[in-house]
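To keep things clear, I will list the structure first and then write my remarks on it.
FYI, side chains are in, hydrogens and waters are out, and symmetry mates aren't considered; it's all heavy atoms of this structure. Since this is a predicted model, take the numbers as computed values, not measurements. To find a chain, count down the sequence lines: A is the first, B the second, and so on, and within it residues start at 1.
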Amino acid sequence: MIAIVRFGGSNCDRDTKRALDELGIENEIVWHAEGLPQDTTGIILPGGFSYGDYLRAGAMAARSPIVEDVRNAADEGVPVLGVCNGAQIGCEAGLTPGAFTTNASARFQCEHVHLRVENAETPWTAAYEEGEVISLPIAHGEGRFEIDSEGLDRLDAEGRVLFRYCDEDGRVTEAANHNGSAGNVAGVGGERPSVAVLMPHPERAVLADIGGIDGRGILAGFA
Amino acid sequence: MAAYTAIVTVRLKRGVLDPEAETTKRALERLEFELQELRSADRFEIDLDADSEEAAARRATEMAERLLANPTIHDYAVEIRER
């Protein structure tokens, strides 16, 4: 059973449920204060504005008791995926490196972007080829990935950069770097490949009639 | 026990882009102010009771470490005043 953790202010929890249902992946929405169910086999931290983005996006949720459970589960190899606000929570909680902060534009950005798959050997990217270009929506004001240059080099060396913002031909350019992220990074992995976060929304790209289906492969990491 | 106010200032590390500060700077320039650079910071004023100034500083520092600042992007400073 995949637990979709709902905080006060989550707003992509139902989209995520709809997407996982479509993929035939058993799931349930779990209110954070109730803790993780016993039969949890995977965890998704969905998008939204938990705790009103107070202090910093994800800062409050990252320090809530359920995230201790998430950390313990992740340490045991349970797959964990953070999307958008869930990605911010993941970095704030130290499940993944770096931080997501204010877009270089200082604006909320809601648009479709292209991503290049950088490492196709993780559960979240195995459905794609390395170098493949996919299209997913973004919707965030604080999605600029920040990490020092040594940290970024280390992530690259360890194959933990999963996705980079690119143009439609897969070129990783400054113009395609919608939010000004370090190294155009859109998604990164934790110390275990079973843990990953990304700012774009795979759950909004599962139904062919709305938004395309390029996000299916990421959520298939739970299958 | 004595009453203190801990002032915790959290700011972006040097070199980390601050788009809100940039936007604020441009707005000031539109108002025809002359300025070279503008940096923004968050300031938290925390009233607390502690046995000593050192104890108050330790507690406020732990607050900064554990929640108020994100070490990836922030530096912070703690100042203790008697209240």
Basic-acidic side-chain contact under 4.0 Å: B:Glu37, B:Arg39: no
Under 4.5 Å from a heavy atom of chain B, the part of A:Asn103 involved: backbone
One option among B:Thr23, B:Val16, B:Asn70, B:Asp18 has the most heavy-atom pairs under 4.5 Å with chain A, and it is B:Asn70
State whether A:Arg71 and A:Glu68 are salt-bridged, where the test is any N-O pair (Lys NZ or Arg NE/NH1/NH2 against Asp/Glu carboxylate O) under 4.0 Å. yes
Closest-packed option against chain A by number of heavy-atom pairs under 4.5 Å, given B:Ile73, B:Leu17, B:Leu12, B:Asp42: B:Leu17
Salt bridge flag under 4.0 Å for residues A:Arg63 and A:Glu92: yes
Please classify the contact between A:Thr101 and chain B as side chain, backbone, both or neither, with a heavy-atom cut-off of under 4.5 Å. side chain
Flag the pair A:Arg144 and A:Glu146 as a salt bridge only when some basic side-chain nitrogen lies within less than 4.0 angstrom of an acidic carboxylate oxygen. yes
Pick from A:Cys91, A:Ala99, A:Gly180 with the largest number of heavy-atom pairs that fall under 4.5 Å of chain B: A:Ala99
Report which part of B:Ala21 has an atom under 4.5 Å of a heavy atom belonging to chain A: side chain, backbone, both, or neither. neither
Going by an N to O cut-off under 4.0 Å, is there a salt bridge joining B:Glu32 and B:Arg30? no
